[in-house]
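As structure tokens, the structure follows; a few thoughts come after it.
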Amino acid sequence: MRRQYPFHLIEPKWQTVWERQATFRAWNPGDDFGAGHPFSVRHNPSGAASALPPKFYILDMFPYPSGAGLHVGHPEGYTATDILARYRRALGFNVMHPMGWDAFGLPAEQYAILKGQHPRITTENNVANFKRQIKSLGFSYDWSCEVDTTDPKYFRWTQWIFLKLYNSWFNPALNKADPIETLVYPPDLKNDAEKRAYRDSKRLAYVSEAPVWWCEALGTVLANEEVINGKSERGDHPVTRKPMRQWMLRITAYAERLLDGLNGIDWSESLKEMQRNWIGRSEGAEVKFEVADFKTTDGQSQITVFTTRPDTLFGATYMVLSPEHKWVDQITTPGQRDAVAAYKTEVAKKSDLERTELAKDKSGVFTGAYAINPVNSERIPIWIADYVLATYGTGAIMAVPAHDERDLAFARKFNLPVRQVVQAPAGEESIGFVGDGVSVNSDFITGLPTPEAKRKIAEWLDSRGLGKKTVNFKLRDWLFSRQRYWGEPFPIIWKRDENGARYHEALPESALPLMPPNLTDFKPTSTGEPPLARAKEWVNLPDGSERETNTMPQWAGSCWYYLRFIDASNASAFCGSEPERYWMGSQPVATPGVDLYVGGTEHAVLHLLYARFWHKVLFDLGCVSSPEPFFKLVNQGLILGEDGQKMSKSRGNVVNPDEILREFGADAFRLYEMFMGPLEMVKPWNTKGVEGVYRFLGRVWRLFVDDKSETEFEQNQTTEGDQNAGALTTLRLSAAIRDETPTATQLKTLHACIKKVTEDLDGLRFNTAISALMVFVNEAITWDVKPTAVLREFLVLLQPFAPHLAEELYSRLTPGSTSMAYVEWPKYDPALLVEQTLEMPVQVNGKLRDKIVVPVTATQQEVEAAALKAEKLKPFLEGKSIKKIIVVPKKLVNIVVG
RNA sequence: GCCGGUGUGGCGAAAUGGCAGACGCACAGGACUUAAAAUCCUGGGACCGUAAAAAGUCGUGUCGGUUCGAGUCCGACCACCGGCACCA
């Protein structure tokens, strides 16, 4: 396609200007914004230091700089936020709009292994490439606060926050984290070792020996959130359960607050639902069942089950323990021992994938033991089955086959009794009914509707010490350690006490950053031992203690990067408290936290849950001033390939932004990405569509630039190959642009555009805002005289979308200006939009039949009269009686006839 | 199975309960040109109709409802996309 305008000269020119001028610098309290800077010209014209205007923090999810470079999906969100950042600057806000690199983690390490290079090298190269691509799009990032999670100056503070977690406990009385020093020890702890064990069991960062997800192919353990259908989220490799010593973060302590916090923030309902589902709160009761003729080695004889339906207790006909339940072996009778052992082996062999995929076919064995139902003293058999999960609730259930699908399937398979205790509403089958009904066959709760029955039986159990109301969560504690090289080392050392028992201790803050050892072989080991263990001289300290060799997961660095941006070069704190209060607090404006956060849905339960958790801990410890980090969050929709399929290398439908930029320029690329459709929708790429918006930018260009100088310029460009920006000076503005008073029609066109673009930007409707700009240009291009004042305001509207072109044209219109980035956003004047006459459609029985033109001032009666006279209505009114005439002021007339 | 989202021309889409299809793509016709590209102008949901028009009928996934009036609100269903899924 023929070049529409010299974007190849304009775009680099303005990117250089912005960089030299630091145009998009975000100012912190106390900063000296030098005279001459356009921000200063707008907000501090007198030159005397004055208070900062209100803040606006617009954040992108920072990218993981992969070797493949940017694809067209990345700049979608970045363009949206850039437009809003520029819009907010024009409105007078002090805007924070930063960018950085989430560069630790598995994919970076795997890429390095593939390339045979150290991840430090590959990461640097990838970052450089991403940065080049992002910069070529002309985004208004403040690069002075760029962060890189792998930079020691950054991860020092990631480690510092880990120490905060390590040195805190969750105080249930206050429902918040407190320093570990405030922990009160039970009086029966005899010595320091016992106290230490107690303290270590209460920390927000603690060591656990529980079975974890081990991924052989990746050579590391994974968090629950990273395992999907028994496969690794990344790479789709099989995972197995394996007991290992691992660091955990006590996110479960925050389950309730993470849930409640969702109510106060402006996120999409679907995203909130995803988090709610993941947290998985369910209310119910724990019920204690006595095991008949049995006592455990520590003298207990009861098994506790969790149920959300205590009202169905009378319908419990058997009990099921998970095969991993700690008492299975003890309660099993000699006769059943072989069968139980065999079943446990069989279950252990099954991968978790098999366990879920074969879900429909229930399996299990009888233990030989019986439990006593506390409400009716019935003896019910105790089974073990893998449909009961060890990790949820108490790992044991009471089975009520009549009112639970799974229990019913199991009972039918093993011929266990089914007893109805809930009457379903009329017309529904009661056996297998799991909803709310009315209790039957249930002694003292018979006749009660389900909610009341639940309440009454819970009280009954509670008063007898047989059970209590409980809330359970699906959310598990966060498995926080990885057996990989490319991550933050833990600032932890291991020691031995006088009895030879190992215990851990935190390094002091002064030891940070703790650098990883420089390994040449950083590949994972086959044993599951972390690669850091290879660095013997790093691991073994002179005093005999050893360093922790696990590293932190990829998510660690992204949990708090939005805080570092605020004060990125601070060497004495993760973020200074004054800038933190300004950008994250509710002063001086009302929005606490990041004002707008844009990114993909893929982070709905990982990054967004983890970051909220860390933020709440930091809030509890007084380090940050808002309880939630991200006030408003928007997910951009996926961009599909031209074939309507998800872009992927194997399909060969990946669009490379570099090529688009070379042919059409950054402004056209940005404009197209926003013009495709609503930000949050999934939409297919179409390069023809880029040509469309590119033509629009060409029309804008021709609206301003003199034809003749344009033709000469283009000829020189091709014949002489003059590629430097100086050539632009030969271009002259069109002679039709004059300092004349605009006509009423011209003002109306402009103000309609101002109104539409302003309202659409406030509602994040970029596509319709752009169409409004197109409507203006289609109109303005027909004017014989183009008043300077009108065109200048149009450029202010265009600037957020196509900043390079707008800056270039604005500088022609306004000699002496340095950048239009802080030029005030125009306000529309409603008076200018008022019409003298208006055209109103006239309907008969709701069908359009004619149109009438009436003065805006026409009364209802006048409009009715005019409508009845409308020529084309006659055939539809003949022989009919008029029942009613509806006049919707300024909209339409509808005549109802019979 | 459960939760969330989306269904509108050939395509991307637009429409506070009030003229369905703004804006753009693709397409067709015309102007300019030796010609093409670019640019500019015009057209365009389907059906029926006509020399051409006009008029008319139908039309926003399906079926029903509310309303003077429904793409929009309500009820039932269908399809596609995303998430969760033996969580008691």
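In what follows, every chain begins at residue 1, and chains take the letters A, B, ... in the order their sequences are listed. All values below were derived from every heavy atom in this structure, side-chain atoms included, with hydrogens, water molecules and symmetry-related copies excluded.
In this structure, Val888(A) reaches the bases: a heavy-atom distance under 4.0 Å links it to at least one base atom across the strands shown. In this structure, Asn472(A) reaches neither bases nor backbone, as no heavy-atom distance under 4.0 Å exists between it and the strands shown. In this structure, Phe876(A) reaches the sugar-phosphate backbone alone: every heavy-atom distance under 4.0 Å involves primed, P, OP1 or OP2 atoms, never a base. Residue-level contact check: Arg281(A) touches neither bases nor backbone, having no heavy atom under 4.0 Å from any strand. Counting non-hydrogen atoms under 4.0 angstrom, Gly280(A) reaches nothing in the nucleic acid. Among the protein residues, Ser771(A) comes within range of the nucleic acid bases, having at least one heavy atom under 4.0 Å from a base atom. Pro678(A) comes within contact range of the sugar-phosphate backbone alone, with a heavy-atom separation under 4.0 Å but no base atom that close. Within the 4.0 angstrom heavy-atom criterion, only backbone atoms of the sugar-phosphate kind lie near Asn778(A); the bases stay farther away.
A close approach under 4.0 Å does occur between a side-chain nitrogen or oxygen of Tyr392(A) and OP1 or OP2 of A88(B). Contact between the side-chain N/O atoms of Arg849(A) and the OP1/OP2 oxygens of G56(B) is found at a separation under 4.0 Å. In terms of phosphate contacts, Ser268(A) brings no side-chain nitrogen or oxygen within less than 4.0 Å of OP1 or OP2 of G4(B). The phosphate of U67(B) (OP1 or OP2) has no side-chain N or O of Asn894(A) nearer than 4.0 angstrom. Note on Arg695(A): a side-chain N or O is less than 4.0 Å away from OP1 or OP2 of A26(B). Residue Lys688(A) places no side-chain N or O under 4.0 Å from the OP1 or OP2 atom of G12(B). Note on Lys847(A): a side-chain N or O is less than 4.0 Å away from OP1 or OP2 of C58(B). OP1 or OP2 of U39(B) has at least one side-chain nitrogen or oxygen of Gln4(A) nearer than 4.0 Å. Residue Arg2(A) places no side-chain N or O under 4.0 Å from the OP1 or OP2 atom of A36(B). An OP1 or OP2 oxygen of G83(B) is reached within less than 4.0 angstrom by no side-chain nitrogen or oxygen of Asn277(A). Between Arg702(A) and A38(B) there is no side-chain polar atom (N or O) within less than 4.0 angstrom of OP1 or OP2.
Ion pairing between Arg281(A) and Glu283(A) holds under the 4.0 Å rule for side-chain N and carboxylate O. A salt bridge is absent between Arg455(A) and Asp311(A): the closest approach of a Lys/Arg side-chain nitrogen to an acidic carboxylate oxygen does not fall below 4.0 angstrom.
Among the nucleotides C23(B), C19(B), G12(B), the one closest to the side chain of Gln843(A) is C19(B). Considering only side-chain atoms of Lys362(A), the nucleotide from C84(B), G24(B), C86(B) that sits closest is C86(B). The side chain of Thr768(A) approaches A22(B) more closely than any other nucleotide in the set A22(B), C40(B), G4(B). Listed candidates were G12(B), C19(B), G5(B). Nearest to the side chain of Lys851(A) is C19(B). When distances are taken from the side chain of Asn767(A) to each of C86(B), A14(B), C19(B), the shortest belongs to A14(B). The Ile886(A) side chain lies nearest to G18(B) when the options are C25(B), C19(B), G18(B). Checked against A88(B), G18(B), C23(B), the side chain of Leu892(A) finds its nearest nucleotide in G18(B).
Using C1' as the reference atom, U67(B) and A51(B) are 45 Å apart when rounded to the nearest Å. Taking atom P in both G83(B) and U66(B), the straight-line distance is 40 Å, to the nearest Å. On the C1' atoms, A70(B) is 11 Å away from A20(B), given to the nearest whole Å. G24(B) and A79(B): their P atoms are spaced 38 Å apart (whole Å). Nucleotides A14(B) and A22(B) are separated by 13 Å at their P atoms, to the nearest Å. Across the P atoms, G21(B) and A38(B) are found 29 Å apart, a figure rounded to whole Å. Using C1' as the reference atom, C48(B) and A54(B) are 13 Å apart when rounded to the nearest Å. For G10(B) and G64(B), the P atoms lie 24 Å apart once the distance is rounded to whole Å.
Whole-Å rounding puts the Asp404(A) CG to G1(B) P distance at 18 Å. As rounded to whole Å, 17 Å separates atom P of C86(B) from atom NZ of Lys413(A). Between Leu271(A) atom CG and G82(B) atom P there is a gap of 17 Å when expressed in whole angstrom units. Atom CZ in Phe675(A) sits about 8 Å away from atom C1' in A13(B), given to the nearest Å. At whole-Å resolution of the value, CZ in Phe713(A) and C1' in A38(B) are 17 Å apart. Distance Met674(A) CE to C25(B) P: 18 Å, rounded to the nearest Å. Here G82(B) presents its C1' atom at 10 Å from CG of Leu638(A), a figure rounded to the nearest Å. Between Glu324(A) atom CD and C86(B) atom P the separation is 14 Å, expressed in whole Å.
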- Message: Applying side chain to side chain donor-acceptor pair (under 3.5 Å) to Glu642(A) and Thr687(A), what does each step give before you reach the verdict?
- Response: CA-CA 8 Å; Glu642(A) 299 216 51; Thr687(A) 300; 3.1 Å; yes
- Would you sort out whether Thr79(A) and Tyr672(A) count as a side chain to side chain donor-acceptor pair (under 3.5 Å), showing the intermediate values? CA-CA 10 Å; Thr79(A) 304; Tyr672(A) 175 64; over 6 Å; no
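Both Phe473(A) and Glu273(A) lie close to RNA chain B; mapped to their nearest nucleotides by heavy-atom distance, the more 5′-ward contact belongs to Glu273(A). Between Trp278(A) and Met840(A), the residue anchored closer to the 5' end of RNA chain B is Met840(A), taking for each the nucleotide with the nearest heavy atom.
Remark: side-chain polar atoms of Lys683(A) are paired, donor with acceptor, to backbone N or O of Pro678(A) under 3.5 angstrom.
In this structure, the side chains of Val693(A) and Phe669(A) stay at 4.5 Å or more apart for every pair of heavy atoms. Val365(A) has its side chain within reach of Ile384(A): a pair of non-hydrogen atoms, C-beta onward, lies under 4.5 Å apart. Residues Asp404(A) and Arg309(A) form no side-chain contact, since every pair of their non-hydrogen atoms from C-beta on lies 4.5 Å or further apart.
Figure legend. U39(B) is base-paired to A31(B); pairs are counted as Watson-Crick or G-U wobble with both atom distances under 3.5 Å. Shown here, C68(B) forms a base pair with G18(B); the pair counts as Watson-Crick or G-U wobble because both key distances fall under 3.5 Å. The partner of G59(B) is absent, by the rule that a Watson-Crick or G-U pair needs both atom distances under 3.5 Å.
Between the side chains of Glu710(A) and Trp701(A), a donor-acceptor pair is found at a separation under 3.5 Å.
For Lys884(A) and C68(B), a side-chain-to-base donor-acceptor distance below 3.5 Å is absent, hydrogens and geometry of angles not being considered.
Classification of G71(B) as anti follows from a glycosidic angle more than 90° from 0.
By the 6.0 Å contact criterion, CZ on Arg276(A) is enclosed, its count of non-hydrogen atoms from other residues, nucleotides or ligands being greater than 12.
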